[in-house]
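See below for the structure under consideration.
Values below: all heavy atoms of this structure, side chains included; hydrogens, waters and symmetry mates excluded.
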Amino acid sequence: VIDQAVKDEIRELTPLVPLHHPAMLKGIEICQKRLPEVPHVAVFDTGFHHGIPDEAAVYGLPYKMFAEKGIRKFGFHGHSHEYAASKASEFLETPLHRLNVITCHLGGGASVCAVARGRSIDTSLGFSSLPGLIMGTRVGDLDPGVLLYLMREEKLSLDHVEDMLSKKSGLLGLSGVSSDMREVMAAAERGEHRSLLAVKAFCYRVKLYIGAYMAAMGSVDVLVFTGGIGENSRGVRARCIQDMEKLGIAIDHNANERCRVSDEHPVFDLTARHSTVNVLAVAADEEIVMARQCAQALD
């Protein structure tokens, strides 16, 4: 439940998520001003990942950075990953605690999550919302040596680097066309080399994380695509799992072409007959997870 201490903490954490927290704080303050008698609740999409084990959360920095400064993987998009995994469980009529699920939240922001028996054990986003997959305008995984080089050789300021990593990289930076996958795909189909490279790089990074999380969990029962790109882009879905048949993952291409999800029909089965892993598209509904958590906080 939001009080001044909660707002102060959100403000303190703004450097971790500079694209989101200032807008969230403004929204909170407007809502509290307009509805002063109504209780307000902050719901954090890092919460689903709080149980990630230390060996997955720690970075190879001096240990005091982890133990004293709290520098570790937090992860984001938790509402979406939690919902997608739960809908897969419901669709397959199998309790979530009996499933290993990989959820791919693909949109302007994007991440992959390993959900082992209902718990997030790893996710591609980290201490900040920058690492992991290539995103609409965010860089994804990057050798930190690149930043040292750019700051030293190109004399880039900290603010310049932060702006580049958050707002000028990803699909937009690679393609030079747009941060919207639909526009980048259209440009790629017209033969624009940079856009095709952006699409290939985006899908390749998703594939790497799927493979990594299969290894981390030892096996996978369900692979879920969700988010604006995951739900709607048949081309991206196909590319992300291309040539993974020997790992047990294959989609039915006719089903992939027909795939439509909605509030009324939130799950679509994409699984090929010979696939040992269920492949699903799930309509994202982060709001219902947030609403349930609000209700729990006020109960």
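- Taking every heavy atom of both residues into account, V41 and A297 meet most closely at CG1-CB, 4.0 Å.
- With a 4.5 Å cut-off on side-chain heavy atoms, D54 and F66 count as touching.
- With a 6.0 Å radius and a threshold of 12 heavy atoms from other residues, nucleotides or ligands, Y204 has its OH atom at or below the threshold.
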Show, in sequence, the C-alpha distance, side-chain angles and deciding distance for L130 and S166, and conclude whether the side-chain contact (heavy atoms from CB on, under 4.5 Å) test is met. CA-CA 7 Å; L130 290 174; S166 296; 3.6 Å; yes
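- With R237 contributing its side chain and E231 its backbone, the two residues share a donor-acceptor pair below 3.5 Å.
- D143 and Y149 are not linked by any side-chain donor-acceptor pair at a separation below 3.5 angstrom, with hydrogens and angles left out of the test.
- Side-chain atoms of L171 and M135, non-hydrogen and from C-beta on, never get closer than 4.5 Å to each other.
- In the hydrophobic clustering of this structure, I249 groups with F202; members are Ile, Leu, Val, Met, Phe, Trp, Tyr whose side-chain heavy atoms approach within less than 4.5 Å, directly or through other members.
- Interatomic distance, L208 CG to C203 SG, rounded to the nearest 0.5 Å: 11.5 Å.
- In this structure, E287 and D285 have side chains that are in contact, with non-hydrogen atoms separated by less than 4.5 Å.
- Put simply, the side chain of K168 never gets that close to the backbone of L165: no donor and acceptor are under 3.5 Å apart.
- Cluster annotation: V115 is connected to L280 through the hydrophobic network of ILVMFWY side chains, with a link wherever side-chain heavy atoms come within less than 4.5 Å.
- Between Y213 and T123, the shortest heavy-atom contact is OH-C, 3.0 Å.
- Under a hydrophobic-cluster definition in which Ile, Leu, Val, Met, Phe, Trp and Tyr are linked whenever side-chain heavy atoms come within less than 4.5 Å, directly or via other members, V206 and V279 are assigned to the same cluster.
- Taking NE2 of H253 as the start and CG of L270 as the end, the distance is 11.0 Å to the nearest 0.5 Å.
- Counting heavy atoms from C-beta on, the side chains of L174 and K200 never come closer than 4.5 Å.
- None of H49, H105, H81 except one satisfies the side chain to side chain donor-acceptor pair (under 3.5 Å) rule with S111; the exception is H81.
- Within a 6.0 Å radius of CD in E153, more than 12 heavy atoms belonging to other residues, nucleotides or ligands are found.
- Between I102 and V222, every side-chain heavy-atom pair lies at or beyond the 4.5 Å cut-off.
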Run the side-chain contact (heavy atoms from CB on, under 4.5 Å) test on K207 and M244 for me, step by step, so that the C-alpha distance in whole Å, both residues' side-chain angles and the decisive distance to 0.1 Å come before the verdict. CA-CA 9 Å; K207 180 188 284 190; M244 297 186 78; 3.9 Å; yes
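- If you take CG on L61 and NZ on K69, they are separated by 12.5 Å, rounding to the nearest 0.5 Å.
- V184 is listed as a side-chain neighbour of V199, based on a closest heavy-atom distance under 4.5 Å.
- For the residue pair T271 and D269, a side-chain donor N or O sits within less than 3.5 Å of a side-chain acceptor on the partner.
- Between the side chain of S195 and the backbone N or O of H193, no donor-acceptor pair lies under 3.5 Å.
- A donor-acceptor pair under 3.5 Å links the side-chain atoms of N100 to the main chain of S219, judged by distance alone.
- A distance-only check finds no donor-acceptor pair linking the side chain of K167 to the backbone of T137 [under 3.5 Å].
- Minimum interatomic distance between H79 and V43 (heavy atoms only, all atoms of both residues): CE1-CG1, 3.2 Å.
- With a 4.5 Å cut-off on side-chain heavy atoms, Q293 and E82 count as touching.
- To the nearest 0.5 Å, atoms CZ (R260) and NE2 (H265) are separated by 13.0 Å.
- No side-chain heavy atom of D45 sits under 4.5 Å from any side-chain heavy atom of M290.
- A donor-acceptor contact shorter than 3.5 Å links the side chain of S86 to the backbone of Y83.
- Of all heavy-atom pairs between V1 and V6, the closest is O-CG2, 3.7 Å.
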Given I71 and F127, is the side-chain contact (heavy atoms from CB on, under 4.5 Å) satisfied, shown in steps? CA-CA 7 Å; I71 295 178; F127 174 78; 4.1 Å; yes
Derivation and outcome, side-chain contact (heavy atoms from CB on, under 4.5 Å), residues L247 and T276: CA-CA 9 Å; L247 295 176; T276 59; over 6 Å; no
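- Hydrophobic clustering, with ILVMFWY side chains joined whenever heavy atoms are under 4.5 angstrom apart, keeps V224 apart from M214.
- Using modelled atom types, no side-chain atom of R98 and backbone atom of R117 make a donor-acceptor pair closer than 3.5 Å.
- Remark: R72 CZ is packed, more than 12 non-hydrogen atoms of other residues, nucleotides or ligands lying under 6.0 Å away.
- Between the CG atom of D141 and the CG atom of L133 there is a distance of 8.0 Å, given to the nearest 0.5 Å.
- Partner of L223 under the side chain to side chain contact (heavy atoms under 4.5 Å, CB included) criterion, out of V112, V101, I210: I210 alone.
- Judged purely by atom type and a 3.5 angstrom limit, R138 uses its side chain to pair as donor or acceptor with the backbone of S129.
- Note that the CD atom of E257 and the CD1 atom of I251 stand 9.0 Å from one another [nearest 0.5 Å].
- Judged by distance alone, the side chain of T46 and the main-chain N or O of G75 form no donor-acceptor pair under 3.5 Å.
- Follow the hydrophobic side-chain contacts under 4.5 Å out from F225 and you reach V236 in the same cluster.
- Using modelled atom types, no side-chain atom of S233 and backbone atom of I229 make a donor-acceptor pair closer than 3.5 Å.
- Of the charged side-chain nitrogens involved, none lies within less than 4.0 Å of a carboxylate oxygen, so that R194 and E192 do not count as a salt-bridged pair.
- Contact between P53 and I121 at its shortest, heavy atoms only, is CD-O, 3.4 Å.
- Considering all non-hydrogen atoms of both residues, T103 and A84 come closest at CG2-CB, 3.9 Å.
- Applying the 6.0 Å contact sphere to CD of E12 captures no more than 12 heavy atoms from other residues, nucleotides or ligands.
- For D252, the side-chain hydrogen bond (donor to acceptor under 3.5 Å, both in side chains) test picks out no residue, with sequence neighbours left out.
- Between E90 and K87 there is a salt bridge, since at least one side-chain N of the basic residue sits less than 4.0 Å from a carboxylate O of the acidic one.
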